[in-house]
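Order of the sequence lines sets the chain letters (A, B, ...), proteins ahead of strands, with each chain counted from 1.
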Number of protein chains: 2
Amino acid sequence: MLKGHLDMIVLAALSAGPAHGYAVIEEIRRRSGEAFDLPEGTIYPALHRLEQAGLLASRWTTSESGRRRRVYALTRSGDRALAERRALWQQFSDAIGGLLEGTRPCKKPA
Amino acid sequence: MLKGHLDMIVLAALSAGPAHGYAVIEEIRRRSGEAFDLPEGTIYPALHRLEQAGLLASRWTTSESGRRRRVYALTRSGDRALAERRALWQQFSDAIGGLLEGTRPCKKPA
DNA sequence: CTTCCATACCTCGGATTGCTATGGATCGCG
DNA sequence: CGCGATCCATAGCAATCCGAGGTATGGAAG
């Protein structure tokens, strides 16, 4: 469960460059080493939410084959938000690390 | 937001030994470096939930001063569950790491 | 041509989860 | 006694993710 971190994940996926919804799903799957295979019912609402929040901007395009796609890109705000989220994640991750410390017989250098 | 990881956190806090609810809160705060200051309304339901699931066992005690406390301890299942959760966390954490990779101008060795 | 699949988009309802707020009780201290 | 800290508990709320379902197009297969 990605509860609470989905937004960061989507933003991170789009930090590589603009993409449409379906491509975001594949990008996430690829970059997570197949760990995250997010269903559409998760991604699309997230994209809408992020656009609503001004972190993404979307634009309709039509490919040569005539297929219509909605392409999302990070806004300036989105960029900043991603940086924030990443910092928060670091904190969070470290805190969890602290919690798990001592739980496991990890090799202590000292 | 700890969504989805609270159970692991509580289990981790109790892995140091049995404790009562209030003490769990302090243990979590301490071991997380003050990062997590969980309200009682979060912990008590979590403890009940985990006991319901058979991962914790509780026992009423009365201190010398006559104060009644409910002391929780990890069961065998709880121990195993904690190990699982930790493994899952590792996976999850690594996957997020992969996603964030390339997002930041990190020093690339190559 | 018709059928089927992959692509691509969207929405709704359910289930879970954590938090706020509230309440009650006991203990120690000034 | 009043007050804060300790200790337990519940109810209601809000957020979030996901499964299921619906629409539509292009291309390949039959």
Side-chain angles (χ1 to χ4, degrees), chain A residues 1-11 13-14 18-30 32 35-53 55-56 58-72 85 88-89 92 95-96 99, chain B residues 1-11 13-14 18-30 32 35-53 55-56 58-72 85 88-89 92 95-96 99:
Chain A
M1 282 204 175
L2 331 124
K3 302 237 178 184
H5 306 287
L6 178 66
D7 290 1
M8 176 181 66
I9 292 173
V10 172
L11 292 174
L14 282 171
H20 62 281
Y22 215 79
V24 168
I25 293 178
E26 291 179 334
E27 177 74 3
I28 291 176
R29 184 172 43 220
R30 198 180 58 76
S32 69
F36 299 148
D37 192 3
L38 307 185
E40 305 176 17
T42 294
I43 291 299
Y44 288 113
L47 288 171
H48 299 336
R49 202 191 318 145
L50 290 170
E51 184 174 22
Q52 202 73 22
L55 306 184
L56 296 183
S58 75
R59 173 173 61 90
W60 281 103
T61 65
T62 307
S63 70
E64 306 149 12
S65 51
R67 205 173 197 59
R68 80 203 203 7
R69 288 169 168 173
R70 197 167 183 175
V71 172
Y72 292 89
R85 305 296 179 104
L88 274 180
W89 165 259
F92 178 73
I96 297 280
L99 258 291
Chain B
M1 284 207 174
L2 330 126
K3 299 238 179 185
H5 305 289
L6 177 66
D7 291 359
M8 176 181 67
I9 291 173
V10 172
L11 292 175
L14 282 172
H20 60 279
Y22 211 79
V24 168
I25 293 177
E26 292 180 333
E27 177 74 1
I28 291 175
R29 183 171 45 219
R30 197 179 59 76
S32 69
F36 299 147
D37 192 3
L38 307 184
E40 306 176 15
T42 293
I43 291 299
Y44 288 112
L47 289 171
H48 299 336
R49 199 174 38 218
L50 290 171
E51 184 174 21
Q52 201 73 21
L55 306 184
L56 296 183
S58 75
R59 173 173 61 91
W60 280 103
T61 65
T62 308
S63 71
E64 306 149 14
S65 51
R67 203 178 196 54
R68 81 204 209 345
R69 288 170 167 171
R70 197 167 183 176
V71 172
Y72 292 88
R85 306 295 179 103
L88 274 179
W89 165 257
F92 178 73
I96 298 279
L99 280 184

Run the side-chain contact (heavy atoms from CB on, under 4.5 Å) test on Leu14(B) and Leu50(B) for me, step by step, so that the C-alpha distance in whole Å, both residues' side-chain angles and the decisive distance to 0.1 Å come before the verdict.
CA-CA 12 Å; Leu14(B) 282 172; Leu50(B) 290 171; over 6 Å; no

Toward the 5' end of DNA chain C, which comes first, His48(A) or Pro39(B), by nearest nucleotide?
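Whichever sits nearer the 5' end wins; that is His48(A).
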
Side-chain N or O of Arg49(A) versus OP1/OP2 of dC17(D): is the shortest distance under 4.0 Å?
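Yes, within the criterion.
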
Do the side-chain N or O atoms of Arg68(B) get closer than 4.0 angstrom to the phosphate oxygens (OP1, OP2) of dT6(D)?
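Answer is no, no contact under 4.0 Å.
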
Whole angstroms only, please: what is the [atom1]-[atom2] distance between [X] and [N]?
X        : N       : atom1 : atom2 : value
Leu38(A) : dA20(D) : CG    : P     : 16 Å
Tyr44(A) : dT23(D) : OH    : P     : 17 Å
Leu6(A)  : dC18(D) : CG    : C1'   : 11 Å
Lys3(B)  : dA15(C) : NZ    : C1'   : 12 Å
Asp7(A)  : dC17(D) : CG    : C1'   : 11 Å
Asp37(B) : dA5(D)  : CG    : P     : 13 Å
Tyr72(A) : dC9(C)  : OH    : C1'   : 9 Å
His20(B) : dC8(D)  : NE2   : C1'   : 10 Å

Quick check for you: to the nearest 0.5 Å, what is the distance between Arg70(B) atom CZ and Leu56(B) atom CG?
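Taking CZ in Arg70(B) and CG in Leu56(B), the distance rounds to 10.5 Å.
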
Should the ring pair His5(B) and Trp89(B) be called parallel, tilted or perpendicular, given that the plane angle runs from 0 to 90° and is split at 30 and 60?
perpendicular

Measure centre to centre between the rings of Phe36(A) and Phe92(B), then say whether the value is under 6.0 Å.
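Ring centres of Phe92(B) and Phe36(A) closer than 6.0 Å.
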
Counting any heavy atom closer than 4.0 Å, what does Gly41(B) reach on the DNA or RNA strands: base, sugar-phosphate only, or nothing?
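Base contact.
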
Taking for each residue the nucleotide of DNA chain D bearing the nearest heavy atom, is the 5' side occupied by Gly4(A) or by Arg69(B)?
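Mapping each residue to its closest nucleotide by heavy atoms, the 5'-most match is Arg69(B).
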
Given dG19(D), dC17(D), dA25(C), the nucleotide with the shortest approach to the side chain of Arg67(B):
dA25(C)

Run Arg49(B) and Asp7(B) through side-chain contact (heavy atoms from CB on, under 4.5 Å) and show every step you take.
CA-CA 9 Å; Arg49(B) 199 174 38 218; Asp7(B) 291 359; 3.3 Å; yes

